[in-house]
There are 2 protein chains.
Amino acid sequence: MKTTIEIEQVAVILKLLGDKTRLTMMKILDGGACCVCEFVEIFQMTQPAISQHLRRLKDMGLVQEEKKGQWVFYSINENNIYYPFVTQILNQLPSQKDKLEDLEKQGKRISCC
Amino acid sequence: MKTTIEIEQVAVILKLLGDKTRLTMMKILDGGACCVCEFVEIFQMTQPAISQHLRRLKDMGLVQEEKKGQWVFYSINENNIYYPFVTQILNQLPSQKDKLEDLEKQGKRISCC
DNA sequence: ACTTTAAATAAGTATTTACTTATATAATAA
DNA sequence: TTATTATATAAGTAAATACTTATTTAAAGT
């Protein structure tokens, strides 16, 4: 089943991705779930700033959250209508896994489960 | 030859495309050159508003202009580093050629050459 | 219970954005 | 030359954006 993509809606998605923080977040999440506090470390931004970016991505349905204890993990919502579209964009971006590796080295990676 | 795409630069491109007017402009130009006054008709916006959108696209190198008499025609700049990236996005958008056909019916299409 | 940690929300602010109207530039037509 | 048409630029404005700090909510550890 393929729903017709509206150009206006695509513009909204692109505007959302047209921010280096959110775009990098999406690329990171493309490699697996990530926790809010990890993003705070990675981007060296205040926690509210990170939460607000994640909320915008969630409001658009691009990501979903899952609570695990005191942490909240975000992940790509593969069921979103625009997931195939977004994936095509993310696939063209350079890997950001070095950012997670740096976290790991600092011992700041939150191990889920 | 493939230049590495920087995620920050991609964010800038996406922000530029994250506007329904500019995104539609790019999709229309994907089908061939178009003149400023045609865009004014299509989008029913003031001429300065159209010119300003086109200038932003030109400043980023996504489009190029060519003067033909009193008209200025804009077209996709296929030599831009980000052209392959942008094309992948445009290819996923619904055709906008109905907009040009409507112009044609109204006799408002500028015939180049 | 109290403290700590993680995250969300609220409210305020500086900057950016997309428009507007007015004016300037440039080419063609009379 | 003068008028007309097409476009660009300038300046102003309302709304949106991405932050900030302060506060609230909620879970876990003591």
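In the text below, chain A, chain B and the rest are named by the order of the sequence lines, each starting its count at 1. Here the structure is a predicted model, which means the values were calculated and not measured.
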Write down the distance between [atom1] ([X]) and [atom2] ([N]), rounded to a whole number of angstrom.
X	N	atom1	atom2	value
B:Glu66	C:dA27	CD	C1'	16 Å
A:Lys58	C:dA8	NZ	C1'	9 Å
B:Leu16	C:dT16	CG	C1'	14 Å
A:Met25	C:dA7	CE	C1'	13 Å
B:Gln44	C:dA18	CD	C1'	18 Å
A:Asp59	C:dA8	CG	P	11 Å

- Under 4.0 Å: is that the gap between some side-chain N or O of A:Arg55 and OP1 or OP2 of C:dT9? yes
- Are B:Tyr74 and D:dA6 close enough that a side-chain N or O sits under 4.0 Å from OP1 or OP2? no
Check [X] against [Y] and note the closest heavy-atom contact, atom names and distance.
X	Y	value
B:Phe43	B:Thr21	CZ-O, 3.6 Å
A:Gln44	A:Glu41	NE2-O, 3.0 Å
A:Tyr82	A:Glu6	OH-N, 4.3 Å
B:Cys34	B:Ile28	SG-CG2, 4.2 Å

Supply the atom-to-atom distance [X] [atom1] to [Y] [atom2], rounded to the nearest 0.5 angstrom.
X	Y	atom1	atom2	result
A:Leu62	A:Ile76	CG	CD1	7.5 Å
A:Arg55	A:Leu57	CZ	CG	11.5 Å
A:Gln9	A:Met60	CD	CE	6.0 Å

Identify the pairs formed between an N or O of the protein and an N or O of nucleotides 4-6 of chain C at a distance under 3.5 Å, and give each distance.
from  : atom 1 : to      : atom 2 : distance (Å)
C:dA6 : O3'    : A:Gln70 : O      : 3.4

- Query: Hey, does B:Trp71 have a side-chain heavy atom less than 4.5 Å from the side chain of B:Val36?
  - Reply: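 A side-chain contact under 4.5 Å is absent here.
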- Could you point out which residue of A:Lys58, A:Glu66, A:Glu65 forms a side chain to side chain donor-acceptor pair (under 3.5 Å) with A:Tyr74?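 Result for side chain to side chain donor-acceptor pair (under 3.5 Å) with A:Tyr74: A:Glu65.
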- Task: Indicate for each nucleotide in nucleotides 17-26 of chain D, in 5' to 3' sequence, whether protein heavy atoms under 4.0 Å reach the base (B), only the sugar-phosphate (S), or nothing (-).
- Result: SSBBBB----
